Amino acid sequence: MKQTTNSILMIRPVAFRMNEQTAVNNYYQKVLDGLLPATVNAKAQQEFDAFVEKLSAVGVDVTVVDDTLNPDTPDSVFPNNWISFHENGDVALYPMFAENRREERREEILDMLEDKGFVINNIVDYTSAEEDGFFLEGTGSLLLDRANSKAYCALSPRADEELFIEFCEDFDYAPVIFEAFQTVGGERKLIYHTNVMMCLGETFAVICSDCIDDKKERKMVLDNLKENGKEIILITETQVNNFAGNMLEVRGANDKRYLVMSTSAHQSLTPKQITQLEQHAEILSSSLDTIEACGGGSARCMMAEIFLPKK
């Protein structure tokens, strides 16, 4: 199984704003005072378009789908939470914590991908778990080491353990389960998505091990990464707050590897970390300040990797 892909799905926002329904447990979201909603959305669109342009310029195949005004989906720019694509032609649909995020799941997006020549054989739908109050938010909640058939998950209100294990059984992944925390107002609170504090590349892993408070769990996670020969690049909680964990390795023209992140993530890295990362992939960064502040998500969340076979 390949760990990285050249094909990405991205959703262009039309009514982006801070989502009040997700702010209850996403402590990275901020209110941008004094900005009209239309201004926030316009800034988010500018950031989105510049980001897509940078990816396309290096040969990443980006499928851009425009969001619709109705229904109201302020977080649609983060499609990796509701869908994942797999090499055998499977598509997984995930149960979402925020009610207004459930509307992001649009079947016509699958039709568009099929029109582009991607093959969809089977849809594995976990969304009925929403009715019982259980959630698992796609590759935000679960980090897939596709090449080594391992899945990493930091449990949270948005990542249910039983659902995660069910996913691992269905897709044949060995589960690596832990809890990750951040300090909010002097208290340790669960991090809402695993991909905020950790990134898995082909030959490396970026992780904030300080977020894993339980020493045994921390050792177990690091041991799993080492076992698969990944160079571990440690980041700090301050760097996590700048979205340095929210990166994704993709492939551009001629199969060249790129590590995609936001400008704030890039600027938070030390020269040593940058040198370490550049031995694995070229860094590609783009300014996502508005999307990060209002959405509480960054570059990784905006890209749903397409591993589907082609006709």
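Keep in mind the model is a prediction, meaning the values are calculated, not measured. In this chain, numbering begins with 1 at the start of the sequence shown.
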Could you check whether any side-chain N or O of [X] sits under 3.5 Å from a backbone N or O of [Y], counting only pairs where one atom can act as donor and the other as acceptor?
| X | Y | answer |
| --- | --- | --- |
| S285 | T263 | no |
| D210 | T236 | no |
| E130 | M96 | yes |
| T183 | G186 | no |
| N242 | S264 | no |
| R146 | A151 | no |
| T68 | N70 | yes |
| N121 | D90 | no |
| S268 | A265 | yes |
| T290 | K43 | no |

Should L110 and I123 be marked as a side chain to side chain contact (heavy atoms under 4.5 Å, CB included) after you check the CA-CA gap, both sets of side-chain angles, and the distance that decides it?
CA-CA 10 Å; L110 298 180; I123 294 176; 3.6 Å; yes
Under the side chain to side chain contact (heavy atoms under 4.5 Å, CB included) test, residues paired with V64 that sit two or more places apart:
R12, F48, V52, V62
Under the side chain to side chain contact (heavy atoms under 4.5 Å, CB included) test, residues paired with T4 that sit two or more places apart:
E202, E249, R251
Spell out, yes or no, whether M10 and I306 are grouped together once hydrophobic residues are joined by side-chain heavy atoms under 4.5 Å, including indirect joins.
no
Walk me through whether L9 and V65 qualify under side chain to side chain contact (heavy atoms under 4.5 Å, CB included).
CA-CA 8 Å; L9 166 72; V65 176; 3.8 Å; yes
Can you check whether [X] reaches [Y] side chain to side chain, under 4.5 Å on heavy atoms?
| X | Y | value |
| --- | --- | --- |
| I177 | E217 | no |
| L225 | M198 | yes |
| V91 | I83 | yes |
| P157 | Y192 | no |
| M303 | V260 | yes |
| N80 | N195 | yes |
| N100 | T73 | no |
| D61 | I8 | no |

Between Y152 and T194, do the side chains contain a donor N or O and an acceptor N or O under 3.5 Å apart?
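No donor-acceptor contact under 3.5 Å links the two side chains.
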Within the 3.5 Å criterion, strictly below it, is a donor on S7 or E305 matched to an acceptor on the partner's side chain?
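The answer is no; no qualifying pair exists.
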Pairs meeting criterion salt bridge (charged side-chain N to carboxylate O under 4.0 Å, His left out) with involvement of [range], two or more places apart:
| range | value |
| --- | --- |
| residues 268-285 | K256-E282 |
| residues 166-181 | none |
| residues 234-243 | R188-E237 |

Would you name the heavy atoms of [X] and [Y] that are closest together and state the gap between them?
| X | Y | answer |
| --- | --- | --- |
| S76 | D67 | OG-OD2, 2.7 Å |
| G297 | C301 | CA-SG, 4.0 Å |
| V77 | P13 | CG2-CD, 4.1 Å |
| L190 | L155 | CD2-O, 3.7 Å |
| L144 | L142 | CD2-CD1, 3.6 Å |
| M302 | P79 | O-CD, 3.7 Å |

Does a side-chain N-to-carboxylate-O contact under 4.0 Å join E87 and K2?
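So E87 does not pair with K2 through a salt bridge.
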May I ask you to say whether D49 pairs ionically with K54, meaning some side-chain N is under 4.0 Å from a carboxylate O?
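No, this pair does not count.
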Mind checking the [atom1]-[atom2] spacing from [X] to [Y]? Nearest 0.5 Å is all I need.
| X | Y | atom1 | atom2 | answer |
| --- | --- | --- | --- | --- |
| C199 | L248 | SG | CG | 6.5 Å |
| L259 | M247 | CG | CE | 5.5 Å |
| C211 | Q182 | SG | CD | 7.5 Å |
| Q239 | T270 | CD | OG1 | 6.5 Å |
| L269 | I233 | CG | CD1 | 9.5 Å |
| C294 | I291 | SG | CD1 | 9.5 Å |

Checking side chain to side chain contact (heavy atoms under 4.5 Å, CB included) for the pair E162/F134: CA distance, chi angles, key distance, verdict?
CA-CA 9 Å; E162 282 181 30; F134 297 112; over 6 Å; no
Just one of I235, I232, V240, L200 clears the side-chain contact (heavy atoms from CB on, under 4.5 Å) bar with I207, so which one?
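Considering I235, I232, V240, L200, a side-chain contact (heavy atoms from CB on, under 4.5 Å) with I207 is found only for I232.
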With K219 via salt bridge (charged side-chain N to carboxylate O under 4.0 Å, His left out) - residues at least two apart:
D223
Tell me whether K310 forms a cation-pi arrangement with F118, defined as NZ or CZ under 6.0 Å from the six-membered ring centre and within 45 degrees of its axis.
yes
Qualifying residue for salt bridge (Lys or Arg N to Asp or Glu O under 4.0 Å) with R106, from E103, E104, E108
E108
Are more than 12 heavy atoms from other residues, nucleotides or ligands located less than 6.0 Å from atom CG of N254?
no
Does a sphere of radius 6.0 Å around NZ in K311 hold more than 12 heavy atoms from other residues, nucleotides or ligands, not counting ones at 6.0 Å or beyond?
yes
What is the ring orientation for Y173 with F167, classed by angle as parallel under 30°, tilted 30 to 60°, or perpendicular over 60°?
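Parallel.
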With N81 as reference, evaluate R105, R101, R158, E137 under the side chain to side chain donor-acceptor pair (under 3.5 Å) test and give the passing residue.
R101
Starting from the C-alpha separation in whole Å, work towards a yes-or-no answer on side chain to side chain contact (heavy atoms under 4.5 Å, CB included) for N148 and K230.
CA-CA 11 Å; N148 297 296; K230 298 205 186 290; 4.0 Å; yes
For this output row, return yes or no: ring centroids of F307 and F85 closer than 6.0 angstrom.
no
Determine, using ring centers only, whether F204 and H280 are less than 6.0 Å apart.
yes
Determine whether R218 and D213 satisfy the following criterion, salt bridge (Lys or Arg N to Asp or Glu O under 4.0 Å), listing intermediate values before the conclusion.
CA-CA 7 Å; R218 186 187 311 159; D213 290 356; 5.4 Å; no
